[in-house]
There are 2 protein chains.
Amino acid sequence: MQPNKRPTQANKRPTRDVIVHAAAKLFRGIGIRDVSLDMVAAEAGLTKRTIYYHFRSKDEIIAAYLEARDMPNLETFKQWFDATEGTLADKVEGIFRHLAVAAHHPKWKGCGFLRTTVELVKTPGHPAMEIARAHKKRVEDWLAVELTAGGLAAESETLARQILLLLDGAFSTVLLNRDPSYMETAGLAAANLVRHALASRA
Amino acid sequence: MQPNKRPTQANKRPTRDVIVHAAAKLFRGIGIRDVSLDMVAAEAGLTKRTIYYHFRSKDEIIAAYLEARDMPNLETFKQWFDATEGTLADKVEGIFRHLAVAAHHPKWKGCGFLRTTVELVKTPGHPAMEIARAHKKRVEDWLAVELTAGGLAAESETLARQILLLLDGAFSTVLLNRDPSYMETAGLAAANLVRHALASRA
DNA sequence: TTGAGTACATTCACTAGTGAGTATACAATG
DNA sequence: CATTGTATACTCACTAGTGAATGTACTCAA
């Protein structure tokens, strides 16, 4: 399961992880296109050639970066949802509230998956796109399950999509306007949609 | 008002326009970062040096490109809104429906303003960002006016933002999933928000 | 226990290509 | 003949990716 590490030097951090970690830091802070592998190498304290020993291309590193963020991201959403007291609508809104707080950080740069998508539109078949798509789908599916559990089985899929639509819209808009309050406005809309769906269930 | 054109050769299309037009075509189809000024020059049938005679930098061309799209874009939205029969909610949804149709085109590449924003995150002070921001604001303001006219004065601003949030979310999501149906789902949510706002007005 | 062998890991120095922006010369127009 | 505009032919910086050599750690035979 860990073919890149010799058992006898188990204490050392695998180089692959060091590279992905360094790349992630730069990608998050600067962007993907604007980060050269020379920069990643410098950040990781390695040579570019070493990077190319562990990865076949920059694209492969981008994919590894997103993949590493997939589950943790979803877990964060789940945590925020669970940690919010109140109705189903309140819990959904809780996700947006927590995001609004995160967005206040000056270094906040939106959703890594979304940004990657836009940075890579020119190559529709890019593996990273697939990972981003899968991630969004995972979040959507999880939301649908929660909505179903909350008594909205019939409209759970549509509603989950609409919440995600609001989420992604907020990511973009907050980035454009540098104003986290849009995140709260989006949360309000999401909560309203949930509330009205529950109310109209007769 | 047209300092770059000599009166005596008034029949000739001003070179500035030729350049912006060529750039726009390439930016729309390929992206901003991925279009070099060599490509723009080739498309315009000019030399790069000529471009630099009329513009000081690539950034200036990007800004001119967005600026040229500002009003026409808004006009299109207005047209779609007006052309849709039905209630206020229906008209709002109409915008999304028309966009869904446009998004079916294989060469559709989302909202130019939004894409530009993401492509330029690294330079927060970029003039093009300001133009994009202003454009979104213009659309939002127009929507708020329509909502107010439709009897939703109190919540028009919040609602207009939420509609825009859904719109931008749909732009991103459709681009990611290459599935225009998300645009319709977003339209449904927008229409619902409007409907419920009208219903709860007692 | 030691020393040669070997597979993995890393480095230095490089190629080939691209892109923004420019120095300078040339053409047309009034 | 001077102003405006266009073209040729560059510079300079940077980037993805590579060739070939070097280093390191563990293995196994003697």
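Below, chain A is the first sequence line, B the second, and so on; all start at residue 1.
Minimum heavy-atom separation, B/L114 to B/S172: CD2-OG, 4.1 Å. Taking all atoms of both residues into account, the shortest heavy-atom contact from A/F96 to A/V92 is CD1-O, 3.4 Å.
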Listed pairs, N/O of protein and of nucleotides 16-18 of chain D, under 3.5 Å:
residue : atom : partner : partner atom : Å
D/dA16  : OP1  : A/K58   : NZ           : 3.0
D/dA16  : OP2  : A/L37   : N            : 3.0
D/dA16  : N7   : A/K48   : NZ           : 3.1
D/dG17  : OP2  : A/Y52   : OH           : 2.8
D/dG17  : OP2  : A/K58   : N            : 3.0
D/dG17  : O5'  : A/Y52   : OH           : 3.4
D/dG17  : N7   : A/K48   : NZ           : 3.1
D/dG17  : O6   : A/K48   : NZ           : 2.8

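Counted by atom type alone, B/H126 and B/D59 present one or more donor-acceptor pairs between their side chains at under 3.5 Å.
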Derivation of the salt bridge (Lys or Arg N to Asp or Glu O under 4.0 Å) call for B/E130 and B/R133: CA-CA 5 Å; B/E130 204 45 60; B/R133 209 183 334 263; 3.0 Å; yes

Salt bridge (Lys or Arg N to Asp or Glu O under 4.0 Å) between B/R195 and B/D90, worked out: CA-CA 9 Å; B/R195 254 188 283 275; B/D90 293 331; 3.7 Å; yes

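Under 4.0 angstrom from either OP1 or OP2 of C/dT10 there lies at least one side-chain N or O belonging to A/H54. Residue B/T15 has a polar side-chain atom (N or O) positioned under 4.0 Å from OP1 or OP2 of D/dT6. Side-chain N/O atoms of A/Y53 include none lying less than 4.0 angstrom from OP1 or OP2 on C/dT10. OP1 and OP2 of D/dT6 both lie 4.0 Å or more from every side-chain N or O belonging to B/T50.
Per the geometry, CG belonging to A/L26 stands 15 Å off C1' belonging to D/dT15, to the nearest Å. As a whole-Å value, the separation of B/M39 CE from C/dA20 C1' is 14 Å. Here the P atom of nucleotide D/dT15 and the CZ atom of A/F55 are 19 Å apart, to the nearest Å. Atom CG of B/L46 is separated from atom P of C/dA27 by 18 Å (rounded to the nearest Å).
Stacking of B/R161 on the aromatic ring of A/Y182 is recorded, both the 6.0 Å distance cut-off and the 45° axial limit being met.
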